[in-house]
Amino acid sequence: MGRDAWYGRDVLSILDFSRADLELLFDSADSIVDQPVRTKKSLAGKIVATAFFEPSTRTRLSFSAAALKLGADVIDLSPDVSSLLKGESLSDTMRMLDGYADLIAMRHPSEGAALLASEVASVPIVNGGDGSQHHPSQAMLDLFTVKRLKGRIDGLNYAVLGDIRYARSAASFLYGLARYKPGKVSLVSPESLRPRNEVKDTIKKVGLKTEQHDDLESIIADVDVIYMTRIQKERFPDPNEYEKVKGSYRITKGSLANAKKGSIVLHALPRTNELAYEVDSLPNAAYMKQARFGVPVRMALLDLVLGGAKK
Ligand code: NCD
């Protein structure tokens, strides 16, 4: 157990990891944050490939930065100038990367793409988001941010806001919370953005109790962690449905006026108009720190998956 539980493993869903696995990751990320200057390059000689078939700023670049900081080299598949344009399949493409790299971090619009890649590749696959359910490393860094800023994950009250229907960051965060003992977990969204049945069923199966609310106002005084999401415009099957809900929720300085003292606002980013820029100057704004924690958490993850037994 311990580091062995991580070594050589695919990271497809946060549900594949136990609380003890997550705690090990967070302890390791803690020591990276606390000792940012590292002399040991634990991944020297390794190659990490990034293969992102959907837009990404934070996930792709923080995986690259994390790999480089650990001494690995990074190669990047740019789908728009790759042989995918000549009709090469996803599985052939991943087979090629398997021969060139020691680990592949990937993102794809279709759910199951990371699982498919893990079946054709012998090297570990890290899912940087596929479809609208799984984004494990995001959930890991989100939980790490809570632990780091609030000192614990257990016992806090959470409100997950917005597009809980299509935002994989929201679903994965809820799955991650299920490994802990949170206080109240409130889902706040208009009717049409409530979780899909598969997500609802999974939440139930993993034993996470949630409450549904229509607005944040009525519960905000009691919430420790506000988890905000962008409306996932690109995942709406019907643009008219998007038009109906766009702008239906927004966090501003005003909406945080009654927020609990010490509460934090998280957002996986990018934001559109659901999170006002004026919130950035409030002490509650934690999303920029959260994005920065992407590097140490992904360093810890890459080190655990690729680095082998403790040196
Ligand atoms: C998220 C994603 O791609 O799921 N972004 C990220 O990884 N930080 C959130 C989003 O796109 O809204």
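Each ligand, and each atom within it, is numbered from 1 in the order the structure gives.
Neither the backbone nor the side chain of T229 comes within contact range of ligand 1; no heavy atom lies under 4.0 Å. Of the heavy atoms in Q232, only side-chain atoms (C-beta onward) come closer than 4.0 Å to ligand 1.
Every atom of ligand 1 with a heavy atom of R230 under 4.0 Å away is listed here by number and element: 10 (C), 11 (O), 12 (O). Each of the following atoms of ligand 1 lies closer than 4.0 Å to a heavy atom of R168: 2 (C), 3 (O), 4 (O). Residue Q138 approaches ligand 1 through these ligand atoms, each under 4.0 Å from one of its heavy atoms: 6 (C), 7 (O), 8 (N).
No continuous path of hydrophobic side-chain contacts links I264 to M228 [ILVMFWY only; heavy atoms under 4.5 Å]. A chain of hydrophobic side-chain contacts below 4.5 Å, direct or via other Ile, Leu, Val, Met, Phe, Trp or Tyr residues, connects V146 to Y175.
By the 6.0 Å and 45° rule, R58 does not stack over the aromatic ring of F63.
Annotation: K69, atom NZ; neighbour count of heavy atoms from other residues, nucleotides and ligands within 6.0 Å does not exceed 12.
At a 4.0 Å cut-off, at least one heavy atom of P270 sits close enough to ligand 1 to count as contact.
Rounded to the nearest 0.5 Å, atoms OG (S56) and CZ (R107) are 4.0 Å apart.
Distances between N or O atoms of L269 and those of ligand 1 include at least one value under 3.5 Å. Checked against a 3.5 angstrom limit, the closest N/O atoms of R235 and ligand 1 fall outside it. Checked against a 3.5 angstrom limit, the closest N/O atoms of T59 and ligand 1 fall inside it.
Summary of contacts: the protein heavy atom closest to atom 7 (O) of ligand 1 is H135 NE2, 2.8 Å.
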Let's go through D142 and Y227 carefully: what are the C-alpha distance in whole Å and the side-chain angles of both, what is the deciding distance for side chain to side chain donor-acceptor pair (under 3.5 Å) to 0.1 Å, and is it a yes or a no?
CA-CA 9 Å; D142 297 344; Y227 190 96; 2.6 Å; yes
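Taking the six-membered ring for Trp, Y166 and F236 have ring centres closer than 6.0 Å.
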